[in-house]
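The sequence lines fix the lettering, A, B, ..., with proteins before strands; numbering per chain opens at 1. Just so it is clear, the structure is predicted and the values come from calculations on it, not from any experiment.
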Protein chains: 2
Amino acid sequence: MKTAENTEKEAAALLKDKKVRPSMIRVKVLKYLLDNRNHPTADRLFSALENEIPTLSRTSIYNTLKTFLDEGIVSEITIEDGNSRYDAFTGKHGHFICEKCGSVCDFDVKCATCAPESLKGYKINQEHVYLRGLCPNCIKSGGDGNEKNFRKKRCKKSS
Amino acid sequence: MKTAENTEKEAAALLKDKKVRPSMIRVKVLKYLLDNRNHPTADRLFSALENEIPTLSRTSIYNTLKTFLDEGIVSEITIEDGNSRYDAFTGKHGHFICEKCGSVCDFDVKCATCAPESLKGYKINQEHVYLRGLCPNCIKSGGDGNEKNFRKKRCKKSS
DNA sequence: CTCCGTTTTTGTATTAATTACAATTTTGTA
DNA sequence: TACAAAATTGTAATTAATACAAAAACGGAG
Ligand SMILES: [Mn+2]
Ligand SMILES: [Mn+2]
Ligand SMILES: [Zn+2]
Ligand SMILES: [Zn+2]
């Protein structure tokens, strides 16, 4: 089975592999992302780790994520405006966001969108497929999914 | 041919169709989006229209866009974090953003991503396909597309 | 181990997009 | 024309993200 120690070592190894010094913060951030495929925001990462690392600062989270992005260790999910989320799972997949509860989950993208011929001459670095809608939980708990205005609200906490 | 007056009428008709009162601001915003398929930000819309409507306020742009979103008249493109863009072209298509110059262009999405079976029980309202990379212009003008750190900068003006 | 330059982390201030909200203006209609 | 409803505006507030410089931790040479 996969123990906590295991993912910690896995994270450290992954970082060394990419020539990123495996500092405590970096390892813990990457471990969190490997253990929790919940596509956290920077703020959620901070909240999740501030107990474990009492001196942690938000700036460190942003610095760490920027390093990871530059090295291709994580990808940024901009499915929601003004709240970037991060993903360390590198396999090709799409993201679904529930417009009511804000949770983001993965799904398989079957047919590649593949570079269309109308983009000849363009260099394509990343491909993202995003779906928006309602998750089963939110469908159950009222709301037929046709309400207007279930748009993003400005709220610090989001899952 | 399509005259300026024509798109103005077209915009007004589209609004009436959706039971949205075709006020001057609403018509001009929608007309701009129909005439210019450049996926403007709220700020770009404001800049484009403030001459024509000297009393215009940014809040009105935001209000207008919110109304349009609620009525499904435009869609929001969150391809870039912290800078929503808007699109009045409702046909199914994907968006490419150049990571260097920030321009956004359309492309045809051939094969539908279509609701995957792993999302049974989910209600899907929207589908977005985003590509990121370099446009031909930016490839020409130096930069092989493999630089690190050509990520978003905080800058008011972006095309 | 100690010294010293490099890297990482932190704290604070700043930027900028978006929202909240109340006041004002405009509009449609009786 | 008169009045209620809707649209527009201005200002203040919120908040994610960045800039930047100071402090701390690290790591190799001697
Ligand atoms: Mn994912
Ligand atoms: Mn488009
Ligand atoms: Zn939900
Ligand atoms: Zn470009």
Side-chain angles (χ1 to χ4, degrees), chain A residues 12 15-16 18-30 39-47 49-50 52-71 74 76-86 102 149-158, chain B residues 12 15-16 18-30 39-47 49-50 52-71 73 76-86 102 149-158:
Chain A
L15 290 172
K16 266 176 232 153
K18 298 273 187 163
K19 318 286 186 215
V20 173
R21 202 185 293 172
S23 70
M24 196 243 266
I25 292 179
R26 287 173 180 165
V27 171
K28 288 208 187 302
V29 168
L30 185 50
H39 312 92
T41 61
D43 197 67
R44 190 184 231 295
L45 274 165
F46 176 78
S47 304
L49 296 177
E50 62 177 335
E52 218 176 331
I53 315 172
T55 60
L56 187 64
S57 76
R58 271 188 182 74
T59 306
S60 293
I61 297 289
Y62 283 113
N63 288 342
T64 301
L65 289 170
K66 177 153 185 359
T67 303
F68 287 4
L69 284 170
D70 289 345
E71 299 303 323
V74 303
E76 187 178 21
I77 300 165
T78 57
I79 193 169
E80 203 186 8
D81 170 70
N83 251 117
S84 286
R85 292 158 181 270
Y86 300 89
N149 277 52
F150 53 24
R151 302 201 57 248
K152 61 187 164 277
K153 322 235 170 307
R154 210 161 263 260
C155 60
K156 191 177 300 193
K157 302 270 156 237
S158 73
Chain B
L15 290 171
K16 265 177 229 149
K18 299 273 186 164
K19 319 284 186 215
V20 173
R21 204 186 291 172
S23 69
M24 195 242 266
I25 292 180
R26 288 173 179 164
V27 170
K28 288 210 187 301
V29 168
L30 185 50
H39 312 92
T41 61
D43 197 66
R44 189 185 232 296
L45 274 165
F46 176 78
S47 303
L49 296 177
E50 63 178 335
E52 217 177 330
I53 314 172
T55 60
L56 187 63
S57 76
R58 271 186 181 76
T59 305
S60 292
I61 297 288
Y62 283 111
N63 288 342
T64 301
L65 290 170
K66 177 152 187 359
T67 303
F68 287 5
L69 285 170
D70 290 346
E71 300 303 324
I73 296 167
E76 187 178 19
I77 300 166
T78 58
I79 194 170
E80 203 186 9
D81 170 70
N83 250 115
S84 285
R85 292 158 181 273
Y86 299 90
N149 279 50
F150 55 24
R151 302 201 58 249
K152 61 185 163 276
K153 323 233 169 311
R154 209 160 266 261
C155 60
K156 190 177 301 193
K157 303 270 156 235
S158 73

For D43(B) and dT19(C), what is the distance between atoms CG and P respectively, to the nearest whole Å? 14 Å

Using 0.5 Å steps for rounding, measure from the CZ atom of R85(A) to the CD1 atom of I79(A). 8.0 Å

Can you measure M24(A) atom CE to dA25(D) atom C1' for me and round it to whole angstrom units? 11 Å

Does a nitrogen or oxygen in the side chain of S84(B) sit under 4.0 Å from OP1 or OP2 of dT18(C)? yes

Which nucleotide sits closest to the side chain of Y62(A): dT18(D), dT10(C), dT18(C)? dT18(D)

Would a 4.5 Å heavy-atom cut-off, applied to side chains only, mark R58(A) and D43(A) as touching? yes

Given that L56(B) and A42(A) both sit by DNA chain D, which one's nearest nucleotide is further toward the 5' end? L56(B)

Could you run down the sub-3.5 Å N/O contacts of the protein with nucleotides 3-8 of chain C?
from   : atom 1 : to     : atom 2 : distance (Å)
dT8(C) : OP1    : R26(A) : NH1    : 2.7
dT8(C) : OP1    : R26(A) : NH2    : 3.1
dT8(C) : O5'    : R26(A) : NH2    : 3.4

Nearest-Å distance for atom pair CD1/C1', residues I61(B) and dA7(D): 13 Å

Restricting to side chain to side chain donor-acceptor pair (under 3.5 Å), what partner residues turn up for S57(B), sequence neighbours left out? S60(B)

Determine the minimum heavy-atom distance between P22(A) and L15(A), stating which atoms define it. CA-CD1, 3.9 Å

What is the distance, to the nearest angstrom, from the CG atom on N63(A) to the C1' atom on dG11(C)? 12 Å

Of all the choices, dT9(D), dT18(C), dG11(C), which nucleotide is nearest to the side chain of T55(B) once you look at every atom? dT9(D)

Roughly how far, to the nearest 0.5 Å, is CG of L30(A) from CG of L65(A)? 10.5 Å

Between dG11(C), dA16(D), dG10(D), which nucleotide gets closest to the side-chain atoms of S57(B)? dG10(D)

Round to a whole Å and report the spacing from CZ of R58(A) to P of dA16(D). 8 Å

L45(B) CG to dT18(C) P: how many Å, rounded? 11 Å

Using Watson-Crick or G-U wobble geometry with both distances under 3.5 Å, which nucleotide pairs with dA22(C)? dT9(D)

From T64(A), L56(A), T67(A), residue fulfilling side-chain contact (heavy atoms from CB on, under 4.5 Å) relative to V29(A): T64(A)

Nearest-angstrom distance from the residue atom CZ of F46(A) to P of dT15(D): 15 Å

Candidates dT18(C), dG11(C), dT9(D) - which lies nearest the side chain of T59(A): dG11(C)

Output the rounded distance in Å from CD (E80(A)) to C1' (dT18(C)). 13 Å

Measuring from atom CZ of R26(A) to atom CG of N63(A), what distance do you get when rounded to the nearest 0.5 angstrom? 8.5 Å

